[in-house]
**Q** 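Before we start, here is the structure in question, set down as structure tokens.
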Amino acid sequence: MIERLEWEPLQTRRKISRMAMLHKTQNGQVAIPAQKFLQPVTRPTRHHNSKAFQRYHTKKDCYKNTFFPRSIADWNILPENLINITNTETFKEALSTHYKQERNLSN
């Protein structure tokens, strides 16, 4: 039914929402102090994009699955063309397309 209605899975919609909030935080569009929670990586690698953040090292799942640790892990693997988008709505649309393409490749 979800495929017939062309809805995105709930997991994907939640990921897009988290990425949009992190995008807004990084661009100063929300009242979350980015410098307190988002530290740029000190040594970029080929596995990260140019705006990657240091990951939170956690031992407990209850903290690992909170907003910043989980979102930063997903953010760091986004392609360059997505992270360089400045408009949030455009970013969300591009992200939706990106995840839809990933789903189609895995099927």
Side-chain angles (χ1 to χ4, degrees):
M1 182 172 154
I2 291 174
E3 291 84 19
R4 189 180 60 196
L5 294 173
E6 297 182 16
W7 287 355
E8 294 182 60
L10 181 59
Q11 179 181 3
T12 303
R13 287 181 282 161
R14 286 179 175 163
K15 188 185 277 191
I16 290 170
S17 293
R18 284 189 295 105
M19 294 297 95
M21 180 57 83
L22 193 62
H23 182 266
K24 290 176 184 178
T25 303
Q26 187 235 356
N27 289 317
Q29 298 171 346
V30 291
I32 298 173
Q35 66 278 6
K36 182 176 179 181
F37 298 104
L38 303 174
Q39 300 299 318
V41 293
T42 53
R43 292 183 302 170
T45 68
R46 61 187 164 132
H47 302 291
H48 294 133
N49 57 51
S50 63
K51 294 182 180 177
F53 301 111
Q54 289 181 15
R55 292 183 67 169
Y56 285 73
H57 298 286
T58 62
K59 293 183 180 181
K60 299 193 183 268
D61 286 344
C62 61
Y63 181 61
K64 180 175 75 174
N65 291 320
T66 60
F67 177 75
F68 282 108
R70 189 172 184 178
S71 299
I72 288 172
D74 291 335
W75 175 269
N76 287 348
I77 59 173
L78 288 177
E80 288 290 325
N81 62 321
L82 289 178
I83 60 159
N84 290 322
I85 297 172
T86 55
N87 181 284
T88 304
E89 289 306 314
T90 306
F91 175 75
K92 286 169 63 174
E93 290 169 12
L95 202 55
S96 178
T97 303
H98 172 73
Y99 289 136
K100 195 176 293 185
Q101 289 172 346
E102 275 188 351
R103 249 191 344 270
N104 290 339
L105 289 176
S106 65
N107 290 335

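Residue indices begin at 1 and follow the sequence shown.
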**Q** Any side-chain to backbone donor/acceptor pair from Q39 onto Q35? Under 3.5 Å, distance only.
**A**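 Side chain of Q39 to backbone of Q35, a donor-acceptor pair under 3.5 Å: yes, one is there.
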**Q** Any chance you could measure T88, atom OG1, to N27, atom CG, to the nearest 0.5 Å?
**A**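 Nearest 0.5 Å value for the OG1-CG distance: 6.5 Å.
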**Q** Counting N and O atoms only, with roles assigned by atom type, does the side chain of N49 sit under 3.5 Å from a partner on the main chain of W75, one being a donor and the other an acceptor?
**A**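 Answer holds: yes.
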**Q** According to a hydrophobic-cluster definition based on side-chain heavy atoms being under 4.5 Å apart (Ile, Leu, Val, Met, Phe, Trp, Tyr only), do M19 and L38 belong together?
**A**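 Same hydrophobic cluster.
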**Q** Keeping to residues at least two apart or across chains, list the salt bridge (Lys or Arg N to Asp or Glu O under 4.0 Å) pairs with something in residues 71-94.
**A**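 Qualifying pairs: R18-D74, E89-K92.
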**Q** How long is the straight-line distance from NE2 of H98 back to CG of N81, given to the nearest 0.5 Å?
**A**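 N81 atom CG to H98 atom NE2 measures 8.5 Å (nearest 0.5 Å).
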**Q** If you count every heavy atom of other residues, nucleotides or ligands that lies below 6.0 Å from R14 atom CZ, does the total exceed 12?
**A**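 Result for CZ/R14: open.
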**Q** Which value, rounded to the nearest 0.5 Å, describes the distance between Q26 atom CD and T86 atom OG1?
**A**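 Between atom CD of Q26 and atom OG1 of T86 there are 10.5 Å.
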**Q** Are any side-chain N or O atoms of H23 and backbone N or O atoms of I85, one a donor and one an acceptor, separated by less than 3.5 Å?
**A**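 Yes: the side chain of H23 pairs with the backbone of I85.
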**Q** What is the distance from atom CD1 of I77 to atom CG of L82, rounded to the nearest 0.5 Å?
**A**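 Taking CD1 in I77 and CG in L82, the distance rounds to 11.5 Å.
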**Q** Please evaluate residues N84 and K51 with respect to the criterion side chain to side chain contact (heavy atoms under 4.5 Å, CB included), reporting the C-alpha separation (whole Å), side-chain torsions for both, the decisive distance (0.1 Å), and the verdict.
**A** CA-CA 9 Å; N84 290 322; K51 294 182 180 177; 3.6 Å; yes
**Q** From H48 NE2 over to F53 CZ, what is the distance, rounded to the nearest 0.5 angstrom?
**A**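 Here the rounded value is 11.5 Å.
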**Q** Would a distance-only check, ignoring hydrogens and angles, find a side-chain to backbone donor-acceptor pair under 3.5 Å from T12 to E8?
**A**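 No, because the side chain of T12 does not come within donor-acceptor range (under 3.5 Å) of the backbone of E8.
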**Q** Tell me, do R103 and P9 make a side-chain contact under 4.5 Å, heavy atoms counted?
**A**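 Yes, close enough: below the 4.5 Å cut-off.
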**Q** Is there side-chain contact between S71 and M21, with at least one heavy-atom pair below 4.5 Å?
**A**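 No, every pair of side-chain atoms sits at 4.5 Å or beyond.
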**Q** Is it possible for you to say whether V30 and I83 belong to one hydrophobic cluster, with membership spreading through side-chain heavy-atom contacts below 4.5 Å?
**A**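 Yes, same cluster.
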**Q** Give a yes or no on whether the backbone of Y63 and the side-chain of T66 come within a donor-acceptor separation of less than 3.5 Å.
**A**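 Indeed, once roles are kept as given, a pair shorter than 3.5 Å links the two residues.
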**Q** How long is the gap from OG1 on T25 to CD1 on I32, to the nearest 0.5 Å?
**A**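 The CD1 atom of I32 is 4.0 Å from OG1 of T25, to the nearest 0.5 Å.
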**Q** For I16 versus S96, what's the shortest heavy-atom pair and its separation?
**A**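 In this case the closest contact between I16 and S96 is CD1-CA, 3.7 Å.
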**Q** Looking at every heavy atom in both Y56 and F37, which two are closest together, and how far apart are they?
**A**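 Smallest interatomic distance, heavy atoms only, reads OH-O, 2.7 Å.
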**Q** Identify the two heavy atoms, one from I72 and one from Q54, that lie closest to each other, and give their separation to 0.1 Å.
**A**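 Shortest heavy-atom separation between I72 and Q54 comes out as CG2-O, 3.7 Å.
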**Q** Of all residues at least two apart in sequence or in a different chain, which pass the ring-ring contact (aromatic ring centres under 6.0 Å, His included) check with Y99?
**A**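 With sequence neighbours excluded, Y99 shows a ring-ring contact (aromatic ring centres under 6.0 Å, His included) to no residue whatsoever.
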